[in-house]
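Notes follow once the structure below has been shown.
Counting convention: from 1, in listed order, for ligands and their atoms alike. Residue indices begin at 1 and follow the sequence shown.
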Amino acid sequence: MTKVIVVGAGFMGSLHARTVHDSRLAELAAVVDRDEAVAAAAGAALGVPAYTETERALAETGADVAIVATPDSVHRPAAEAAIAAGAAVLVEKPLATTVADAEAVVALAAERGVRLMTGHITRFYPRYVQVAETVHSGRLGRPVLVTTSTWGQRSLGERVAATTNPLWHFAIHDIELIQWLTGGVVADVDGAQLMESASGVASFTATGTVTSGAAFHLATGWTLPDSAGPRWDLKVHCERGMVQAAWSSDGVTSFGADSAEELDCLSWPTVHGRIEGALRLEVEHFLTAVADGTPFLVPPAAAVDAVRSAALLEKASTVRRLP
Ligand SMILES: NC(=O)c1ccc[n+]([C@@H]2O[C@H](COP(=O)([O-])OP(=O)(O)OC[C@H]3O[C@@H](n4cnc5c(N)ncnc54)[C@H](O)[C@@H]3O)[C@@H](O)[C@H]2O)c1
């Protein structure tokens, strides 16, 4: 049975750990977090050993696979430790927050013959796959303009704002999606803005073109209250038609006396005690492709292209702050 460790046991790492723990395709061997209390709590929750050092966890468990869910800017050291130990790696998005780091991780994996996939989860939402298949079939003609509007909760921003921003944390989803759909990478940036505010609301907006000639406009950030589920809206305007995918909570809302809460049915819902949704599809695709030696649905080059495009957008950005 494939042995998996999860490095970074915060919000996303805990979800990955539970997904592996519940999977019939692999065994969760350990969790790792540099914060001893976080590691211990995650290990105790799933009944597996907890470590604070990745190298030690890899050596003592003999892991075949590492899932890296550390903050955006520190994926490289954990990924490189796993690759050096010969473990296949699923790295959370973005692969890295610099082009140099992204290229170095992919180069090391290639040199050591280790499988590496980045968790661009948008490729595992059936609704986006339907959009992609429609666009790629060519029946609507070539894409002319792609617009995305992707919003998460302010509390998410509070959790990650010390280590990342809406460009690297959120727009990387939109960028990879635009590139997957159009088959191009960001060529020109006509305008880009990172907006932060003392209230905790932050956003990233950008407009430009990709190498296939299509224009894009993306708007993303953390602006919503916790009671609201995320809001994603995608439109691909083509020469002979348009295809769109929109989602929020997929229609499930719990109404209390004074409040309402939108419940997740798409990303990582717990269904009959197991994590399902796009996250299970992503993790089990990765485990199956590693076991079978078949190609990943997110090629390493696509993840590097997304980082390269995000870096271009970052360079072109105006940064504004509302006190
Ligand atoms: N695919 C998605 O939709 C999605 C959603 C949320 C987060 N993410 C990604 O998951 C990653 C983690 O995000 P999060 O929201 O879980 O953040 P988080 O802050 O909740 O968790 C990060 C954890 O990593 C630990 N950590 C930091 N440096 C470490 C190191 N060097 N070694 C081991 N542990 C270390 C921290 O102590 C923390 O517990 C990010 O890259 C983020 O972009 C992806």
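- Counted by atom type alone, Glu27 and Thr2 present zero donor-acceptor pairs between their side chains at under 3.5 Å.
- Counting only distance, with no hydrogens or angles, the side chain of Ser137 and the backbone of Arg139 share a donor-acceptor pair below 3.5 Å.
- For atom 20 (O) of ligand 1, the closest heavy atom belonging to the protein is Phe11 N, 2.9 Å.
- Distance from atom 32 (N) of ligand 1 to its nearest protein heavy atom, with residue and atom name: Thr70 CG2, 3.8 Å.
- Looking at Trp268 against ligand 1, only its side chain comes within 4.0 Å, counting heavy atoms.
- Counting only non-hydrogen atoms, the option in Glu282, Met12, Arg159 that gets closest to atom 15 (O) of ligand 1 is Arg159.
- For the pair Asp33 and ligand 1, the shortest N or O to N or O distance falls below 3.5 Å.
- Counting only N and O atoms by type, the side chains of Thr270 and Arg18 include a donor and acceptor under 3.5 Å apart.
- No donor-acceptor pair under 3.5 Å is formed between the side chain of Thr209 and the backbone N or O of Gly213.
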Discussion item. Evaluate Phe204 against Phe170 for ring-ring contact (aromatic ring centres under 6.0 Å, His included), listing each step before the verdict.
Written reply: CA-CA 9 Å; Phe204 180 79; Phe170 253 158; over 10 Å; no

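- Shown in contact with Lys93 at under 4.0 Å from a heavy atom are these atoms of ligand 1, numbered in order with element: 1 (N), 8 (N), 9 (C), 41 (O), 42 (C), 43 (O), 44 (C).
- Nearest protein heavy-atom neighbour of atom 12 (C) of ligand 1: Ala69 O, 3.2 Å.
- Scanning Leu95, Asp72, Thr164 for the heavy atom closest to atom 40 (C) of ligand 1 points to Asp72.
- Side-chain contact, Ser267 with Tyr125: a donor N or O sits under 3.5 Å from an acceptor N or O.
- Ligand 1 has a nitrogen or oxygen under 3.5 angstrom from a nitrogen or oxygen of Arg34.
- Short contacts between ligand 1 and Gly10, defined as distances under 4.0 Å to a heavy atom of the residue, involve ligand atoms 16 (O), 20 (O), 21 (O), 23 (C), 39 (O).
- A cation-pi geometry, defined here as NZ or CZ lying under 6.0 Å from the six-membered ring centre and within 45° of its normal, does not hold between Arg123 and Tyr128.
- Every atom of ligand 1 with a heavy atom of Val38 under 4.0 Å away is listed here by number and element: 39 (O).
- Between the side chains of Asp72 and Thr97, not a single donor N or O lies within less than 3.5 Å of an accepting N or O.
- Between Pro71 and ligand 1, a contact under 3.5 Å exists for no N or O pair.
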Practice prompt. Starting from the C-alpha separation in whole Å, work towards a yes-or-no answer on side chain to side chain contact (heavy atoms under 4.5 Å, CB included) for Val20 and Val283.
Written response: CA-CA 8 Å; Val20 174; Val283 170; 4.1 Å; yes

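- Using a 4.0 angstrom heavy-atom cutoff, His173 counts as in contact with ligand 1.
- Atoms of ligand 1 lying under 4.0 Å from any heavy atom of His169, numbered from 1 in the order shown and given with element: 7 (C), 42 (C), 43 (O).
- Heavy atoms of Ile121 found under 4.0 angstrom from ligand 1 belong exclusively to the side chain.
- Using modelled atom types, one finds no donor on one side chain facing an acceptor on the other under 3.5 Å when comparing Ser317 with Gln193.
- Proximity annotation for atom 1 (N) of ligand 1: of His75, His16, Glu92, Glu92 comes nearest, heavy atoms only.
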